[in-house]
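Notes follow once the structure below has been shown.
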Amino acid sequence: MLPSSASVLAATAGAVRLLARENAYTSLRDLPRLLRHPVWRAGREDSGHGLGVLLVPGFCAGPVSLALAHRWLRARGFTPRNADIGFDVGCTGELVDRLEEQLAEHVRDTGGRVVLLGHSRGGGLARLAAARRPDLVRGLIMLGSPVVDPLGAHPVVLGAARLLTRLSAAGLPGLLTADCLTGRCRDDNVAGLAAPLSPDVPALSVFSRRDAIVPWPSSLDPSASHAEVRSTHLGLPVDPDVYSAIEPVLTAWAGDGVERDLAQVG
């Protein structure tokens with residue numbers, strides 16, 4: 001049975017108000033500040049050494065949400081690719097399976113292990129993929145990702161997720177299922193997020209105490225280093241402080257990869 005029109009309207013209205021508030025703040029402050037900031041304008045074109053980066057968008061987002069990150073990475077010599085997971089509204093287990101396939105493809109295309117960079121739920125999906133296939137991952141970056149408590153997001157977001165499970169139960173394909181929130185899929189993925197990452201997979205989790213969607217303690221992955229910024233949740237992909245935090249990490253990972261490749265050739 002499809003959800004009632006009243007429940008759809010209520011969930012939609014709540015989500016719109018929350019996202020509008022975050023988007024207004026982001027548009028007025030973070031985006032102009034990024035485009036003027038030295039971290040956007042400066043940077044060596046060869047610092048990435050061709051290192052592959054797989055970009056994973058957040059819940060109800062798509063490639064456009066990480067478009068600036070894609071552009072910034074390419075300008076510095078990395079090889080970014082957008083994860084093909086649509087708007088990140090599908091079953092968690094199925095999305096991680098797709099990420100693993102795309103991760104392997106990007107490794108074949110670039111000739112070496114790649115970085116996973118995910119925002120919000122995308123960071124959690126990236127972490128699950130990194131834990132499953134550490135042999136394919138050079139490093140992991142999570143932006144405002146609820147990895148400690150994946151169901152601890154804002155009630156409006158959880159309401160939207162529950163609405164999607166009801167639509168899925170009514171027969172609409174490609175959406176979250178009830179199993180993702182309360183069943184075995186949820187249990188398996190919570191366990192996967194809690195499992196330590198391989199020592200061969202360095203990780204960085206970026207968080208903000210101003211995040212109104214994901215409570216910041218949920219981003220404090222014990223297997224990762226942490227970097228705090230002053231951003232909204234939606235503003236993380238366009239906050240210059242985020243780029244300032246991830247740039248030295250990415251550059252170091254790219255340089256380490258070159259050194260290993262040279263050692264293998266030698």
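All of these numbers come straight from a predicted model, not from anything done at the bench. Side-chain atoms are counted along with the backbone in the values below, which use heavy atoms only and exclude waters and symmetry mates.
- Linking Ile, Leu, Val, Met, Phe, Trp and Tyr residues whenever their side-chain heavy atoms come within less than 4.5 Å leaves Leu54 and Leu73 in two separate clusters.
- Nearest heavy-atom pair across Val148 and Pro217 is CG2-O, 3.9 Å.
- Remark: the backbone N or O of Pro237 is paired with a side-chain donor or acceptor of Tyr243 at under 3.5 angstrom.
- For Arg76 and Thr251, the side-chain atoms include no donor-acceptor pair closer than 3.5 Å.
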| Yes or no on salt bridge (Lys or Arg N to Asp or Glu O under 4.0 Å) for Arg113 and Asp135, after CA distance, side-chain angles and deciding distance? | CA-CA 7 Å; Arg113 294 191 299 161; Asp135 56 310; over 6 Å; no
| Are Thr232 and Asp211 close enough, and set up right, to give a side-chain contact (heavy atoms from CB on, under 4.5 Å), and what steps lead you there? | CA-CA 5 Å; Thr232 63; Asp211 194 323; over 6 Å; no
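- Side chain of His233 to backbone of Ser120: no donor-acceptor contact under 3.5 angstrom is found.
- Contact annotation: the side chain of Asp200 never approaches that of Pro134 to less than 4.5 Å [non-hydrogen atoms, C-beta and beyond].
- When all heavy atoms of Trp253 and Val115 are compared, the pair lying nearest together is CE3-CG2, 3.7 Å.
- Checking each of Ser218, Ser225, Ser219 against Ser205 for a side-chain contact (heavy atoms from CB on, under 4.5 Å) leaves exactly one that passes, namely Ser219.
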| said: With side-chain contact (heavy atoms from CB on, under 4.5 Å) as the criterion, how do Ile246 and Leu117 come out once you've worked through the C-alpha distance, each side chain's angles and the decisive distance to 0.1 Å? | reply: CA-CA 10 Å; Ile246 69 175; Leu117 191 160; 4.2 Å; yes
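- In terms of heavy atoms, Leu99 sits closest to Ala83 at CD2-CB, 3.7 Å.
- Of all the heavy atoms in Val214 and Gly144, the pair that sits closest is CG2-O, 3.6 Å.
- Here the CZ-CZ distance, from Arg36 to Arg41, works out to 9.0 Å after rounding to the nearest 0.5 Å.
- Using a 4.5 Å cut-off between side-chain heavy atoms of Ile, Leu, Val, Met, Phe, Trp and Tyr, with links allowed through other members, Leu204 and Leu51 fall into the same hydrophobic cluster.
- Listed for the Ser208 side chain is a donor-acceptor partner under 3.5 Å among the backbone atoms of Arg210.
- Of the possible donor and acceptor atoms, none in the side chain of Glu228 sits under 3.5 Å from a partner among the backbone N and O of Val206.
- Across all their heavy atoms, Ser223 and Leu197 have their closest contact at OG-N, 3.2 Å.
- Put simply, the side chain of Arg98 gets close to the backbone of Asp84: a donor and an acceptor are under 3.5 Å apart.
- Note: the hydrophobic cluster containing Phe207 does not contain Val147 (ILVMFWY, side chain heavy atoms under 4.5 Å, direct or indirect links).
- Taking CD from Gln102 and CG from Leu95, the interatomic distance works out to 9.5 Å, rounded to the nearest 0.5 Å.
- Here the CZ-CE distance, from Arg127 to Met142, works out to 6.5 Å after rounding to the nearest 0.5 Å.
- Ala129 and Leu116 get closest at one heavy-atom pair: CB-CD1, 4.2 Å.
- Hydrophobic cluster membership differs between Leu103 and Ile141, with clusters built from Ile, Leu, Val, Met, Phe, Trp and Tyr side chains linked at under 4.5 angstrom.
- Relative to the ring axis of Trp216, Arg209 places its NZ or CZ within 45° and under 6.0 Å from the centre.
- Checked by atom type, the side-chain pair Ser145/His119 shows no donor-acceptor distance below 3.5 Å.
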Acceptor/donor pairs from residues 59-72 side chains to any protein atom, 3.5 angstrom cut, sequence neighbours excluded:
{"unit_1": "Ser65", "atom_1": "OG", "unit_2": "Gly62", "atom_2": "O", "d": "2.7"}
{"unit_1": "Trp72", "atom_1": "NE1", "unit_2": "Val39", "atom_2": "O", "d": "2.9"}

| From CA spacing to verdict: salt bridge (Lys or Arg N to Asp or Glu O under 4.0 Å), Asp239, Arg230 | CA-CA 9 Å; Asp239 189 325; Arg230 295 170 61 83; over 6 Å; no
| message | For Thr92 and Arg121: C-alpha separation, side-chain torsions, deciding distance, then whether side-chain contact (heavy atoms from CB on, under 4.5 Å) applies. | response | CA-CA 9 Å; Thr92 303; Arg121 186 192 186 206; 2.7 Å; yes
| task | List the steps, then state whether side-chain contact (heavy atoms from CB on, under 4.5 Å) holds for Val229 with Leu236. | result | CA-CA 8 Å; Val229 297; Leu236 287 165; 3.7 Å; yes
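- Using a 4.5 Å cut-off between side-chain heavy atoms of Ile, Leu, Val, Met, Phe, Trp and Tyr, with links allowed through other members, Val249 and Leu140 fall into different hydrophobic clusters.
- The shortest distance between side-chain heavy atoms of Val107 and Arg138 does not fall below 4.5 Å.
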